[in-house]
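Handing you a structure now.
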Amino acid sequence: MFVCSCFGVTEEQVRAHADAGACTPRQIASACKAGTDCGGCVRRIQALLGRGACPRRELIEQGAPPLTAELPEAA
């Protein structure tokens, strides 16, 4: 199911970026542009990310680079 129709981003892609370390809608936007056009999908992205602990937040606080790379395209 599409989360962001402006950029064709699916729930699966948002979850994959979250699994790769994106913890916030802004980090999702950096990874795939979802939420950067009309903004209508930001609440859905927030819901998909949930309110749980972010596994990368601790690594980022220790100096690891934030998530900015794109995930490989699905086949």
Side-chain angles (χ1 to χ4, degrees):
M1 174 189 256
F2 284 99
V3 172
C4 175
S5 40
C6 295
F7 292 104
V9 179
T10 65
E11 284 184 14
E12 182 178 292
Q13 289 171 303
V14 171
R15 286 190 181 104
H17 287 298
D19 289 345
C23 302
T24 65
R26 183 170 288 181
Q27 290 172 334
I28 294 292
S30 292
C32 64
K33 296 185 182 179
T36 62
D37 194 26
C38 77
C41 59
V42 174
R43 287 187 184 205
R44 180 69 182 136
I45 292 168
Q46 288 171 327
L48 288 170
L49 293 174
R51 299 205 184 271
C54 175
R56 280 212 37 94
R57 188 168 293 131
E58 187 174 311
L59 293 173
I60 291 168
E61 289 171 358
Q62 294 173 0
L67 178 72
T68 56
E70 296 246 352
L71 291 176
E73 291 292 321

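The analysis underlying the following values was restricted to heavy atoms, covering all of them including side chains, and did not include hydrogens, waters or symmetry mates.
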C32/Q13 under side chain to side chain contact (heavy atoms under 4.5 Å, CB included): CA gap, chis, key distance, verdict: CA-CA 8 Å; C32 64; Q13 289 171 303; 5.8 Å; no
Shortest non-hydrogen separation from A31 to H17 and the atoms involved: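 Shortest heavy-atom separation between A31 and H17 comes out as CB-ND1, 3.4 Å.
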Separation of C6 SG from K33 NZ (nearest 0.5 Å):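 Answer for the NZ-SG pair, K33 versus C6, is 12.0 Å.
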Closest non-hydrogen atom pair between C23 and L49, with its separation: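 Residues C23 and L49, closest heavy atoms: O-CD1, 3.7 Å.
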Atom of I45, atom of P25 and distance for their closest heavy-atom approach: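 Where I45 meets P25 most closely, the heavy atoms are CG2-CA, 4.0 Å.
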Joint hydrophobic cluster, I28 plus F7, side-chain heavy atoms closer than 4.5 Å: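 Yes, it is one cluster - the side chains of I28 and F7 are joined through contacts under 4.5 Å.
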Euclidean distance, E11 CD relative to C4 SG, rounded to 0.5 Å: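 Answer for the SG-CD pair, C4 versus E11, is 12.5 Å.
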